2 protein chains.
Amino acid sequence: MNVREFKNKIYSELASITKALANPHRLEIIELLAQGPSSVEYIVDNTNLTVANASQHLQTLKSARLVRSERRGKYSYYSLASPKVFEVWETMRELGFSQNAEIGKLMKEFRESRHNLESMTSSQLLERMQQGKALLLDVRPREEYESGHIASAISIPSDELFEKLKELPKDKEIVAYCRGPLCAMAYDAVELLNKHGFKAVRLETGFPEWEVKGLPVEQ
Amino acid sequence: MNVREFKNKIYSELASITKALANPHRLEIIELLAQGPSSVEYIVDNTNLTVANASQHLQTLKSARLVRSERRGKYSYYSLASPKVFEVWETMRELGFSQNAEIGKLMKEFRESRHNLESMTSSQLLERMQQGKALLLDVRPREEYESGHIASAISIPSDELFEKLKELPKDKEIVAYCRGPLCAMAYDAVELLNKHGFKAVRLETGFPEWEVKGLPVEQ
DNA sequence: GTAATGATCAATTAATCTATTGAATGTTAG
DNA sequence: CTAACATTCAATAGATTAATTGATCATTAC
């Protein structure tokens, strides 16, 4: 095979995969699916999409082999075709964070609107957990917790947190995490907890970032 | 700031970076720039693009902050804005290799058309080099060698190799490398060397992959 | 200064992508 | 069997992207 012809074909194939990623809604879907398999309905509830539009974007991702689907009864469950898909998204996101001034500005504004700048790294958390000094709190929706969470984390979904405050200890440090750096749930949880006299901080990383690093998870 | 609004903005920004990558020619340009800074003319000579079209794609990459340019005299030299850009491309390429059957088929056909299946990994090379058993040969164009190469490699560009065969030793193993897994130059060099009685193998990895791993390089 | 060279710009057309709409399919509950 | 529900499909119009062409700009060589 001619070299030029080979290159044209291979770069086209690779670009077609990249194109499947090159849409804001599809990126958001990828990040949601990194939390675990989801039905179309669940995706619609967690994004700003109509059912038909979400389904269409899912078809696009599927034909690029970035996601797969499995029908169970009335529902189609979509999931990432491979952890590598999340890795690509993570690498891309990091590139955006480091190169794009507008993204930096948006993140800063967002953090500040949450009055909450303190956070903890994965390795700090591992250390604290070993010493039994911290309580790890998963504030994502129950479904996501159930399809995988950081080892020893307990689940109190964001929207149930207020009514369950009394179940939490005041003497232990509470570390809250959610879907990742673009997710607001842990920010809001920490804000609520601090307001009620708990000692809470946000974990810098979300579940998929933790999992892809090979750190301990449970199901 | 409203969470939905924040997400819409941030995913749009991230998608705009991804879009800048989502084109076969721009991927090829990224891979070329990973070898070192290049003028527009050099890019045109090494791809299948017209000057105006290459320049246009470079503007696209530039406004997404994936590349930068620097004018020196008549020439504009473009380079990757950060090693992270190459990392994103590498991660994406690996995803393609693992997920896309068509890419697997193309690679296999290509390797077979080169009658050359033997190759050496980076760690095997490091070991051989330490024992002084191997000669490392950079077969990329001189410019690329000069803007950075694997430590202790010598330069014989692909198109000068035939006339310089007599300068090479017959008793030592020759390890040839080029731009990376999609580049034909090392395949062709190994084929030529073997045909003339040398003991040659291809390094699996190209210069940018070696460099990004933090392995020893020279300039 | 003028020509040559390297690169960019602007305008155009064709191709592709996206959201919307409404209809169609498949599955379950009653 | 029928209604309700979850999802997909198909058609459309508007927006975006890409290659081409020819013109323009910037720098150097003569």
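Values reported hereafter were calculated over all heavy atoms of this structure, with side chains retained and with hydrogens, waters and symmetry mates removed. Values in this document were obtained by computation on a predicted structure and should not be read as measured data.
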Worksheet item: Just wondering, more than 12 heavy atoms not from B/R65 lying within 6.0 Å of its CZ?
Response: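 Not more than 12 within 6.0 Å, no.
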
Worksheet item: Which angle, to the nearest 10 degrees, lies between the helix axes at the two ends of the helix from C/dG1-D/dC30 to C/dG30-D/dC1, each defined by five pairs?
Response: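 End-to-end axis angle for the helix from C/dG1-D/dC30 to C/dG30-D/dC1: 20°, rounded to 10°.
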
If only side-chain N and O atoms count, and only distance matters, is there a donor-acceptor pair under 3.5 Å linking [Y] with [X]?
X      : Y      : value
A/S158 : A/R140 : no
B/Y11  : A/E31  : yes
A/K213 : A/S122 : yes

Practice prompt. Encode nucleotides 2-9 of chain D as B, S and - characters from 5' to 3', where the letter depends on protein heavy atoms closer than 4.0 Å: B to the base, S only to sugar-phosphate, - to neither.
Written response: ---BSBBB

Practice prompt. Check whether any side-chain heavy atom of B/L137 sits under 4.5 Å from a side-chain heavy atom of B/I156, and report yes or no.
Written response: yes

Worksheet item: Are B/K9 and B/E13 ion-paired here, with the side-chain N under 4.0 Å from a carboxylate O?
Response: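 No, this pair does not count.
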
Practice prompt. Walk along DNA chain C from 5' to 3' and tell me the first and last nucleotide with an atom closer than 4.0 Å to a non-hydrogen atom of chain A.
Written response: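 Answer, 5' to 3': C/dC17 to C/dT28.
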
Discussion item. Suppose we call two aromatic rings close when their centres sit under 6.0 Å apart. Are A/H149 and A/Y177 close by that rule?
Written reply: no

Response to the item:
Whole-Å distance, B/R26 CZ to D/dT16 P, equals 15 Å

Practice prompt. Quick one: sort the A/Y187 and A/F110 rings into parallel, tilted or perpendicular, breaks at 30° and 60°.
Written response: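 It falls in the perpendicular class, over 60°.
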
Worksheet item: With no hydrogens and no angle check, is any side-chain donor or acceptor of B/E209 less than 3.5 Å from a backbone partner on B/G206?
Response: yes

Fill in: Test item: B/S16 side-chain N/O and B/A64 main-chain N/O as donor-acceptor pair under 3.5 Å
no

